[in-house]
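Let me begin by presenting the structure, written as structure tokens, before commenting on it.
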2 protein chains.
Amino acid sequence: MPKRVDHAERRTEIAEALVRVAGRHGLHTVGMRDVAAEAGVSLRLVQYYFETKEKLLLFGLQHLTERFGERVAARLKATGDTPGPRATIEALLMVALPTDEESRTFHSVLTSYAMLAVNDPALAAQPFIKDPDAAEDTVTALLRQAREAGLLRPGVDPRLEAAGLLAMSAGLGTGILVGQRSPESATAVLEHHLDRVFQGGEPRR
Amino acid sequence: MPKRVDHAERRTEIAEALVRVAGRHGLHTVGMRDVAAEAGVSLRLVQYYFETKEKLLLFGLQHLTERFGERVAARLKATGDTPGPRATIEALLMVALPTDEESRTFHSVLTSYAMLAVNDPALAAQPFIKDPDAAEDTVTALLRQAREAGLLRPGVDPRLEAAGLLAMSAGLGTGILVGQRSPESATAVLEHHLDRVFQGGEPRR
DNA sequence: TTTTTTACGGTACGAACGTACCACGAAAAT
DNA sequence: ATTTTCGTGGTACGTTCGTACCGTAAAAAA
């Protein structure tokens, strides 16, 4: 009974199954059969929608970065009503931290992809965050805006600071993932750093 | 002609072969046969010295973290003669950056291990840096020492700052690895951040 | 000197993997 | 009404992987 099927939708479902099993057992363990089982379809179907495993992996990465981008955007809009550049930046950095199960999956699978990409040109060609430097540009813009409002300490270079902030957040994320650090201590570190970037404010304890 | 052989030495040789092929083709691709070929021994020998792949992987991680620790220590001693806490910290953060081939391998293989450890209890039990928080402790001590010498800006918490610094360095490292950032820009970011942690000094450009 | 380890080679086995092939009912196109 | 295309299942093939088994020369122990 082949009623016409939306390929894009099916591919998305399968890609999400891929991400789920990758989050549970590690990206290196997932085979097409696992993806098929997780998606509740036959192995043949996975083959049908993605001819090869490489293509499935590639699409999975694309999908994951998109989802992540959406998550960030959503978080931004949610915090956007009560602005203040610092709060916005804080929110931006926090979504990257693996606090709940979903963000843990994001972080670990995305990082696994990154490690694959180190020796795989096809994956390396794909960006790991929607428009690679979009996040950096956003934070940079936010910092510039803050500087013009006189909220920044003198001597802070928005571009360099943005890069540092993002890198720190990523590094802290990995730390949480491997259990070296708790989410709370990670946010404390971030908070403390932001205290050193932004002018005045709270004597925080 | 079985002249008595130093097991520890052989195991080390094999482990280094493992690290080399992991660095070249990715940790996920290495099989026992690859390791054997790279080490110039037979598959049987790898089996002989490490009964199982899991044990080989485990030992490989241990060995890698040791090598990394030694590398850091060496760099520290090299910079130790011309002290100044800032120079020392800078050196410490720089060794973690994947600039040459060797450090690229360190970073990528170690990070791959970290991703494996996320869903593998046996690996998760092993630390990824010699004495997990040794680096953090060192940097913290250095910062305290700097503070007492009046070199730090006020309000800097040594412990939190150390954690942030290390996380930033790790994050920048990954950025370099995947080609999102050049080593030069990474050091620029680090430098800029240190400028904001340490008192006075250079008007830098 | 006989016996037991030690260090090592070769090879085969069972499982799992990605992929290719064959089949088939139903809808769309002709 | 016939033919083509689409969505899907099943299954088998070739490869590779980790591991286990068998054998054996030489050194150490007896």
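Just so it is clear: chains get the letters A, B, ... in the order the sequence lines come, proteins before strands, and each one is counted from 1.
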Exercise for the section: Any salt bridge (Lys or Arg N to Asp or Glu O under 4.0 Å) involving residues 175-184 of chain A? Give me the pairs, sequence neighbours left out, ordered by first then second residue. Expected result: Arg181(A)-Glu136(B)

Exercise for the section: Could you check His7(A) against Asp34(B) and say which one's nearest nucleotide on DNA chain D is further toward the 5' end? Expected result: His7(A)

Exercise for the section: Mind calculating the distance between CG (Asp6(A)) and P (dG7(D)) to the nearest angstrom? Expected result: 10 Å

Exercise for the section: Quick one: which residue pairs count as a salt bridge (Lys or Arg N to Asp or Glu O under 4.0 Å) with a foot in residues 54-68 of chain A, not counting sequence neighbours? Expected result: Glu16(A)-Arg67(A), Glu51(A)-Lys55(A), Arg67(A)-Glu70(A)

Protein N or O to nucleotides 8-10 of chain C N or O, pairs below 3.5 Å:
residue, atom, partner, partner atom, Å
dC8(C), OP1, Arg10(B), NH2, 2.9
dC8(C), OP2, Tyr49(B), OH, 2.3
dC8(C), N4, Arg44(B), NH2, 3.2
dG9(C), OP2, Ser42(B), OG, 2.3
dG9(C), O6, Arg44(B), NE, 3.0
dG10(C), O6, Arg44(B), NE, 3.4

Practice task
Ignoring hydrogens and angles, answer whether the base of dG7(D) and the side-chain atoms of Arg4(A) contain a donor-acceptor pair closer than 3.5 Å.
Solution key: no

Handout entry: Pairs where residues 19-29 of chain A contributes a residue and the test salt bridge (Lys or Arg N to Asp or Glu O under 4.0 Å) is met, not counting sequence neighbours
Key = Arg20(A)-Glu38(A), Arg24(A)-Glu38(A)

Practice task
Report the nucleotide, chosen from dT19(D), dT19(C), dG7(D), that has the shortest atom-to-atom distance to any side-chain atom of Thr52(B).
Solution key: dT19(D)

Handout entry: Between dC17(C) (P) and His25(A) (NE2): distance, integer Å
Key = 12 Å

Fill in the blank from the handout: note: His28(B), atom NE2; dC17(C), atom C1'; distance rounded to Å ~ 14 Å

Exercise for the section: Specify the separation, in whole Å, of atom NZ of Lys53(B) and atom C1' of dA16(C). Expected result: 13 Å

Problem - Set of side chain to side chain donor-acceptor pair (under 3.5 Å) partners for Asp100(B), sequence neighbours left out - result: Ser103(B)

Exercise for the section: Quickly work out the Ile14(A) CD1 to dG7(D) C1' distance and round it to whole Å. Expected result: 12 Å

Fill in the blank from the handout: Rounded to whole Å, the CE-C1' distance (Met32(A) to dG10(D)) equals 17 Å

Problem - Partner set under side chain to side chain donor-acceptor pair (under 3.5 Å) for Gln126(A), not counting sequence neighbours - result: none

Practice task
For the residue pair Phe68(B) and Phe106(B), categorise the inter-ring angle as parallel (less than 30°), tilted (30 to 60°) or perpendicular (more than 60°).
Solution key: perpendicular

Fill in the blank from the handout: To the nearest angstrom, the CD-P distance between Glu54(B) and dC17(D) comes to 19 Å

